[in-house]
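To start, the structure under review is shown below, and the notes come after it.
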Protein chains: 2
Amino acid sequence: MEDGTFESLGYCADTGVDDDVLQWDQRADCEVRQILDRIADKWSLLVIALLDKRSLRFTELRRAIDGVSQRMLTRTLRHLERDGLVSRTVHPTVPPRVDYALTPMGETLHATVRSLVVWTEEHQNSIAAARAAYDLRAAAEQEATERDAAERAAIAHAALPQRP
Amino acid sequence: MEDGTFESLGYCADTGVDDDVLQWDQRADCEVRQILDRIADKWSLLVIALLDKRSLRFTELRRAIDGVSQRMLTRTLRHLERDGLVSRTVHPTVPPRVDYALTPMGETLHATVRSLVVWTEEHQNSIAAARAAYDLRAAAEQEATERDAAERAAIAHAALPQRP
DNA sequence: CGGTATCCCCTAAGATACTG
DNA sequence: CAGTATCTTAGGGGATACCG
């Protein structure tokens with residue numbers, strides 16, 4: 001089963017910290033971080049989005065997602081299943097058939113995630129602009145740095161005129 | 001500057017795919033994925049959350065976050081700055097002083113992310129329960145597998161009684 | 001103080017091959 | 001078909017040392 005090391009990290013609500021924010025990310029490495037890591041991992045979101053419309057078989061997902069390896073798809077689905085976001089139904093036919101579907105909780109997560117997608121769509125232009133501006137500033141700055149490095153080198157060279 | 005390889009990956013809106021979902025994650029490796037990766041990386045969220053209340057100096061952030069290394073904090077801040085989510089103000093005093101603050105866009109992102117945090121808080125019990133149930137099933141299943149593996153081994157052993 | 005530059009390690013994810 | 005097992009690699013991230 002891969003590596004099997006997720007027995008006992010479900011608790012961590014001890015430490016008497018109440019420094020506000022740290023509560024839901026540092027200490028709550030418990031929950032927020034884990035869900036965040038889940039929804040942000042390379043494939044989970046695609047799977048959830050795909051399953052939102054209808055349940056799908058393993059191979060259907062595999063083909064729909066394109067770049068995913070068998071290993072990664074299995075892993076992703078197991079994680080989602082473990083968290084109760086996706087249900088797995090095995091039909092003991094020949095050849096075997098396994099259907100994956102979103103659970104009710106999975107659906108609510110998808111709905112929530114949508115707001116983030118919307119945010120991104122609304123701000124992608126601003127972000128692109130910000131990046132372009134930043135890169136421009138950075139390039140200009142670096143050029144300046146290099147220029148007066150060359151300048152100083154020239155001065156140093158002029159100061160000791162022996163040896164080419 | 002570390003490795004400097006982010007010049008030209010701002011475009012990718014070509015490929016005539018319109019397979020629905022793939023639109024905002026596969027192709028939009030452009031935007032959605034990148035923002036997701038940003039908010040999900042180990043420190044960005046903490047920084048954003050911390051800056052939501054007031055602007056902070058580098059060292060204040062460093063101390064507030066605890067496990068973060070200087071390198072990672074700088075990296076994180078640069079990324080956020082590049083994306084236009086955080087602003088950086090250098091005061092040319094001695095000793096130097098640099099203030100970081102959320103931009104208006106950064107604030108809207110934080111607001112959006114909050115809904116995800118809320119979702120997590122609302123569902124953490126269900127998730128924990130789902131995990132416990134899953135782990136229980138998995139353990140039971142494995143035990144069963146091992147048991148009849150032993151059984152088959154015993155049969156095999158009985159079948160060829162020569163050599164201990 | 002607020003960074004950069006270097007080295008190094010460890011784990012996530014890809015490729016490949018085998019199985020019920 | 002729907003996986004598991006095994007090997008390998010890239011890069012995220014920590015530790016450390018130095019600089020303006």
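Reckoned from all heavy atoms, side chains included, excluding hydrogens, waters and symmetry mates. Below, read A as the first sequence line, B as the second, and so on, with proteins coming before strands; counting in each chain starts at 1.
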**Item:** Between C1' of D/dG11 and NZ of B/Lys42, the distance in whole Å
**Value:** 14 Å
**Gap between atoms CG and P, on B/Leu61 and C/dC1 respectively (whole Å)** = 14 Å
**Worked check of side chain to side chain donor-acceptor pair (under 3.5 Å) between A/Arg75 and A/Gln70** = CA-CA 9 Å; A/Arg75 233 172 163 317; A/Gln70 216 166 17; over 6 Å; no
**Request:** Could you work out which one of C/dA13, D/dC1, D/dG14 sits closest to the side chain of A/Met72?
**Result:** C/dA13
**Request:** Figure out the CG/P separation between B/Asp99 and C/dG3, and round it to whole Å.
**Result:** 10 Å
**Prompt:** Would one find a side-chain N or O of A/Trp43 under 4.0 angstrom from OP1 or OP2 of C/dG14?
**Reply:** yes
**Prompt:** According to a strict under-4.0 Å criterion, is B/Arg88 in side-chain N/O contact with OP1 or OP2 of C/dG3?
**Reply:** yes
**Under-3.5 Å donor-acceptor pair between B/Arg71 side chain and D/dG13 base** = yes
**Asked** OP1 or OP2 of C/dG3 sitting under 4.0 Å from any side-chain N/O of B/Arg78?
**Response** yes
**Request:** Starting at atom CG of A/Leu46, determine the distance to atom P of C/dA13, rounded to an integer number of angstrom.
**Result:** 13 Å
**Request:** Return the 5'-most residue of the pair B/Phe58, A/Ser69 with respect to DNA chain C, ranking by each residue's nearest nucleotide.
**Result:** B/Phe58
**Fill in**
Of all heavy-atom pairs linking B/Ala49 and B/His110, the shortest is CA-NE2, 3.8 Å
**Prompt:** Within this structure, what is the CD-to-P distance between B/Gln70 and C/dT4, rounded to whole angstrom?
**Reply:** 9 Å
**Request:** Provide, to the nearest angstrom, the distance between the CZ atom belonging to A/Arg62 and the P atom belonging to C/dG14.
**Result:** 12 Å
**Complete:** Exactly one of A/Arg97, A/His91, A/Arg63 clears side-chain contact (heavy atoms from CB on, under 4.5 Å) with A/Arg57, and that residue is A/Arg97
**Request:** Check every atom of D/dT6, D/dG3, C/dG3 against the side chain of A/Thr74 and return the nucleotide holding the closest atom.
**Result:** D/dG3
**Request:** Could you say whether A/Thr59 or B/Val68 is positioned toward the 5' end of DNA chain D, judged by the nucleotide with the nearest heavy atom to each?
**Result:** A/Thr59
**Request:** Please determine, for the side chain of B/Pro95, which listed nucleotide (D/dG14, D/dA2, C/dC1) has the closest atom?
**Result:** C/dC1
**Request:** Rounded off to whole Å, could you give me the CG-to-C1' distance for the A/Asp37 and C/dA13 pair?
**Result:** 15 Å
**Item:** Connected via hydrophobic side-chain network under 4.5 Å: B/Val86 and B/Val90
**Value:** yes
**Prompt:** Given atom CG of A/Asp41 and atom P of D/dG12, what is their separation to the nearest angstrom?
**Reply:** 15 Å
**Prompt:** Closest heavy-atom contact between B/Arg62 and B/Val68?
**Reply:** NH1-O, 3.2 Å
